[in-house]
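As a basis for the values below, the full set of heavy atoms in this structure was taken, side chains included, without hydrogen atoms, waters or symmetry mates. In what follows, chains are A, B, ... by sequence order, proteins preceding strands, each numbered from 1. Keep in mind that what you see is a predicted model, and the values were worked out from it rather than measured.
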Amino acid sequence: MTNLDIDYVLKRGVAEIIVEEEMRALLRSGKKLRLKEGFDPSFPDIHLGHMVALRKLRQFQELGHQIVLIVADWTAQIGDPSGMSVTRPMLTLEQVKANAQTYMQQFFKIVDKKKTEIRWQSEWFGKFTLTDIIQLTSKFTVAQFLARDDFSARYKAEKPIAITELLYPLLVAYDSVAIKADVEFGGTDQKFNFLVGRELQSMVGQPPQQCFMVPLLVGTDGSQKMSKSLGNYIGVAETPEQIYGKVMSVPDSLIINYFELLTDVPDEELEQFKKGLDNTTANPMTLKKRLAREIIAQLYDRKAAAEAEGHFERTVQRKEVPEKIALGTKSGKSLQDYLVENQLAKSKSEARRLIDQGGVYINDKREKDVNYIVQKDDIIRAGKRRYIKST
RNA sequence: GGAGGGGUGCCGGAGUGGUUAAUCGGAGCAGACUGUAAAUCUGCCGCCCAAAGGGCUACGUAGGUUCGAAUCCUACCCCCUCCA
């Protein structure tokens, strides 16, 4: 991540910059820029989708700029309208603090802590009065807000839009004013919010922020954007083995995209990868292994990446029994009961199905008898890769 | 205040008296195949009984009609849209 040049930072893995020319001018000016990044404490887990923007923050830090991380303890209560999620539970102060803690642990795996300033929304919204809110809301019209993609889509689809949701972009925009942001970072789904921030800043006489948007990363299912609620995510806090495995399970069609957004493998090399995949001279598996290593190396280190790879090769590719196997409960029960007892199956019916379908192995031999009595030190494998050893 | 629409399994969404544990899609799980935990194909996919098979619970909640209800009736709760 050395000799970063501005073109690379502004082009690689970037969806849109508003306004690119102003952005370049700012970078040339030599000013230390304040880069805004918000975080919703109801969702403290960071996944690779977030990592795309965080990597950009990191690059800007290396160019000498300042990150301002905003803990959105107020807007968390509203919920980002783009999520269309159910009404959120109100978080207690302790929960918010705990989540912030968790979040930052993950955040600083990618972003440099020393060049980050942390601010809480409550610093300014805590003092907000009704007058402030009326002033703020009077600056925009309903039509402007309904123009926003997901609002209009929901409106047309006769889906509900809470009034507080209209407030969300305003509050986020005000954050930009409060911290005097020069640039705001996020996914393309944040465009509207960013633009409101930009507009609000100029209304109050601040130079308007630049909007730096990265593409939304597609999740491991290969179709929808990566998100925790869809279950198609790879969390940055997961173990190297988990990350490695999940990266390998990403559809082959996403390989190049992931390299582009999540690694610094040079563009020229990616060009070769692409050619190789197109004319099938490159094996997608090999590329994904590289991809997995690159990602893990950023979140942990090269060594962890190599180890995760070893683990994958042994357990998945060569189907070897892993070195360390969790110990199960006492032997002497029927296999069916034993699976349930050790949570390898949720119910007896499920255990039966698993056995009937040939998904259970005892000491490497498929066991089809649900009444097999589990012996001491049996190594039981349920499904592809869940192992347990009886005691 | 008025009018209308709706609440079904993890999610989406069919079904409007029996043949419905409930079409279908997605997710998930398993198997086969594969240089990948990719793709593809096949199967499973409420719970319980060793099983052929059987039993129990389930379609917002509570009652009712009926030999039989997710489907009909009554009350209640909740959600959405439109008009004002």
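At a cut-off of 3.5 angstrom, counting only N and O atoms as typed in the model, there is no donor on one side facing an acceptor on the other between the side-chain of Q357(A) and the base of G31(B). At a cut-off of 3.5 angstrom, counting only N and O atoms as typed in the model, there is a donor on one side and an acceptor on the other between the side-chain of D252(A) and the base of U36(B).
Within the nucleic acid shown, P284(A) comes within 4.0 Å of at least one base atom, counting heavy atoms only. If you check every strand for non-hydrogen atoms under 4.0 Å, Q317(A) touches sugar and phosphate atoms only. Nucleic acid contact for Y244(A): none, since no nucleic acid atom lies under 4.0 Å from a heavy atom of the residue. As judged by a 4.0 angstrom heavy-atom cut-off over every strand, K346(A) is placed among residues making no nucleic acid contact. Using a 4.0 Å heavy-atom criterion, one finds that G383(A) contacts the sugar-phosphate atoms exclusively. Residue contacts shown for S349(A) include a base, since a base heavy atom lies under 4.0 Å away. Residue contacts shown for K348(A) are limited to sugar-phosphate atoms, with no base heavy atom under 4.0 Å away. Here V250(A) lies in heavy-atom contact (under 4.0 Å) with sugar-phosphate atoms only.
Both Q242(A) and A382(A) sit near RNA chain B, but only A382(A) has its closest nucleotide nearer the 5' end. Where D337(A) and K288(A) each meet RNA chain B at their nearest nucleotide, the meeting point lying more 5' is that of K288(A).
Closest approach to the N371(A) side chain among A38(B), C29(B), A50(B) is made by A50(B) (side chain taken as heavy atoms from C-beta onward). Listed nucleotides: U36(B), C29(B), G31(B). Nearest to the side chain of F312(A): U36(B). In this structure, of A37(B), G31(B), C47(B), it is A37(B) that holds the atom nearest to the side chain of R385(A). Candidate nucleotides G35(B), U36(B), G31(B) were compared by shortest atom distance to the side chain of V316(A), and U36(B) ranks first. Considering only side-chain atoms of N283(A), the nucleotide from A37(B), C44(B), G35(B) that sits closest is G35(B).
Contact check, T286(A) against G35(B): no side-chain N or O comes under 4.0 Å of OP1 or OP2. OP1 and OP2 of C29(B) both lie 4.0 Å or more from every side-chain N or O belonging to R352(A). Taking 4.0 angstrom as the limit, S249(A) places none of its side-chain polar atoms (N or O) nearer than this to OP1 or OP2 of A38(B). Remark: R366(A) is in phosphate contact with A32(B), judged by side-chain N or O atoms under 4.0 Å from OP1 or OP2.
Neither side chain, S176(A) nor Q201(A), offers a donor N or O lying under 3.5 Å from an acceptor on the other. Q242(A) and T239(A) form a side-chain donor-acceptor contact under 3.5 Å, judged by distance and modelled atom types alone. Side-chain N/O atoms of E309(A) and Y244(A) include a donor and acceptor closer than 3.5 Å. Side-chain contact check for N232(A) and Q224(A): no donor-acceptor pair (N or O, by modelled atom type) lies under 3.5 Å.
Protein atom CD of Q224(A) is 17 Å distant from nucleotide atom P of G25(B), rounded to whole Å. Between the P atom of U36(B) and the CD atom of E241(A) lies a distance of 19 Å, rounded to the nearest Å. In this structure, L254(A) places its CG atom 17 Å from P of A37(B), rounding to the nearest Å. In this structure, the CE atom of M285(A) is 16 Å from the P atom of A39(B), given to the nearest Å. Between the CD1 atom of I243(A) and the P atom of A37(B) there is a distance of 19 Å, rounded to whole Å. Between L277(A) atom CG and U36(B) atom P there is a gap of 16 Å when expressed in whole angstrom units. Between the C1' atom of G28(B) and the NZ atom of K384(A) lies a distance of 11 Å, rounded to the nearest Å. Rounded to an integer number of Å, the gap from CD1 of I355(A) to C1' of A30(B) is 12 Å.
Checked against D264(A) for a salt bridge (Lys or Arg N to Asp or Glu O under 4.0 Å), the options R12(A), R55(A), R58(A), K56(A) give a single hit: R55(A).
G4(B) is paired with C80(B) under the Watson-Crick or G-U wobble criterion, all donor-acceptor distances under 3.5 Å. Partner assigned to A58(B) is none, using Watson-Crick or G-U wobble distances below 3.5 angstrom. Pair assignment for A30(B) gives U42(B), based on Watson-Crick or G-U wobble hydrogen-bonding distances that are each under 3.5 Å.
The six-membered or imidazole ring of F125(A) lies near that of Y174(A), with a centre-to-centre distance under 6.0 Å. When ring centroids are compared, F273(A) and F259(A) come within the 6.0 Å threshold.
Taking atom P on both A50(B) and G64(B), the two are 35 Å apart, rounded to the nearest angstrom.
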